[in-house]
There are 2 protein chains.
Amino acid sequence: MNSPTVSCFDCPLRCNPLFEVPSEDELRYMSSFKLGELTVEPGRTVLMEGAASAQFYTVLEGMGLRQKTFPSGQRQVISFVMPGDLVGLQAAVMGEMRHSVEATTRMSLCVFDRNGLWDLLRNQPKRAYSVTWLAAVEEVFLGETLATIGQLDATQRIAWALVRLHDRLAMLDDPEGALLANGGPVALPYRQQDLADALGLSLVHTNKTLARLKAGGLADWSGGQLRLPGRRQLASLAMIDDEMPRRPLL
Amino acid sequence: MNSPTVSCFDCPLRCNPLFEVPSEDELRYMSSFKLGELTVEPGRTVLMEGAASAQFYTVLEGMGLRQKTFPSGQRQVISFVMPGDLVGLQAAVMGEMRHSVEATTRMSLCVFDRNGLWDLLRNQPKRAYSVTWLAAVEEVFLGETLATIGQLDATQRIAWALVRLHDRLAMLDDPEGALLANGGPVALPYRQQDLADALGLSLVHTNKTLARLKAGGLADWSGGQLRLPGRRQLASLAMIDDEMPRRPLL
DNA sequence: CGCTTCTTTGACCCTTATCAATGGCTGTGG
DNA sequence: CCACAGCCATTGATAAGGGTCAAAGAAGCG
């Protein structure tokens, strides 16, 4: 845990049109609210299930995943964590995390104090609204995930996940949307096992399904790079109608 | 939609220890915030996916479910809606519902104005905290659901759902917890198809699994009444460790 | 280079979906 | 009061999607 290196005013995420634009005043407040930055190495745990964290975070860079582990050892990947995501809100508001957050690449996170959340809710109604918004977006996304896992077959599930991941990453990399439109390559630093655990599939079957999509020229995920020449077909396969809304930051 | 019939001061849910106790002041505020009550007949839709609702609601009585329907006709039940639940927050904050809410019994709901949410977040930090809390609880629950559907087999999934439903309903009916402890009967006004769609199982297999649980003396769901003589075993089958936290209301 | 981690591939089989038909309950109308 | 329609629960037979097991390539890394 280091001292603050990036001021909120220079936040690299802020200029990304994926996120809403905060006012000067809000930036000033957030700056004072920010405790510092945390860097986490790949494979390390950011937040542990069951732990009561005194902090919560916004992801500045790097990627990770939320997961839940059963006593039996099986695990479910709840979602993939990317820059701009808020993690640890559960612990901040309920006092305890009900899933873990782990880094898959080196991550750096903005650190906020748990007690500061109360202050934020009291003094910054706009920010309070943002927190609520982020929680609502999370709920929407989990609902969609649930529907996907509950109702679709393996090919559709994988198509859904690839499209969602690609869209999100493409918007981060290239806000203009060119990457998104042409299915251009984005970095996807996960293992097939992660995707399998996210979709309730076995590793083997995930691998074979990915191979089939690749052979069909729809999706190519190799060397940590994801390309979706057939984004349209994949989206229609997975019955994805509309896209995720723009989200607030912090 | 009728005029207000129940004042927040006399709210039948308030006295239930399942919920937190609000202050006089908060009650006064909520009373002014409440627009009225809405009654919905069984089978009717409370909120429609894709619709922009000008209101959001707290469930006063009756039960329903959140669901998502695919173009192909398949549906996923996202969760079961019970008294005390907040519905429509998505639309209030994001402008559009991403799932539908349908009544399975006659329901009555507290109606709040969407614009009032802004006011609430600004002027009632404690209530703002509650809203955030409710959103966080929802997220926790969806995460647990995801893990259940993604990782457990049919018997475990059904065991999980029955225990969760029973616990919640038992606490509503009998705050002392006697019902909960002895697995006593609670009203569960859903169809097997609803449970199947919630767990990503076919109706047939759900039925057969329920039959097996009944034969084993673990769970008996018939005539709309649910009894769980084997709550302990069911919970351990589904690897349920701890229970859901107490929740704020409104 | 040898070790570990991840990906890929083949063979087998189990859980669960699908199909199909019957039984039960409730409400309605002749 | 009975017949019929609709909805839901129940049960048996069959099949397929995906899990599990096993082992061999690739690829990063000290």
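Proteins come first, then strands; the chains are lettered A, B, ... in the order of their sequence lines, and each starts at number 1.
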By ring-ring contact (aromatic ring centres under 6.0 Å, His included), which residues pair with A/Phe80, not counting sequence neighbours? A/Tyr190

Contact class for B/Gly200 (heavy atom, under 4.0 Å): base, sugar-phosphate, or nothing? sugar-phosphate

Between CG of A/Leu210 and P of C/dT8 the distance, given in whole Å, is 8 Å

Between A/Pro71 and B/Met239, what is the shortest heavy-atom contact and its length? CD-SD, 3.7 Å

Members of residues 68-81 of chain B that approach DNA chain C, where some heavy atom sits under 4.0 Å away: none

Provide, to the nearest angstrom, the distance between the CD atom belonging to A/Gln151 and the P atom belonging to C/dA17. 10 Å

With heavy-atom distances below 4.5 Å as the criterion, would you say the side chains of A/Glu102 and A/Val77 are in contact? no

Taking the minimum atom-to-atom distance to the side chain of A/Lys208, which one of C/dG10, C/dT18, C/dT8 wins? C/dG10

Kindly say if A/Gln192 contacts the phosphate of C/dT8, meaning a side-chain N or O under 4.0 Å from OP1 or OP2. yes

Of D/dT20, C/dT18, C/dT16, the nucleotide closest to the side chain of B/Val204 is C/dT18

In this structure, how many angstroms lie between the P atom of D/dC8 and the CG atom of B/Leu195, rounded? 15 Å

OP1 or OP2 of C/dT7 under 4.0 Å from side-chain N/O of A/Asn207: no

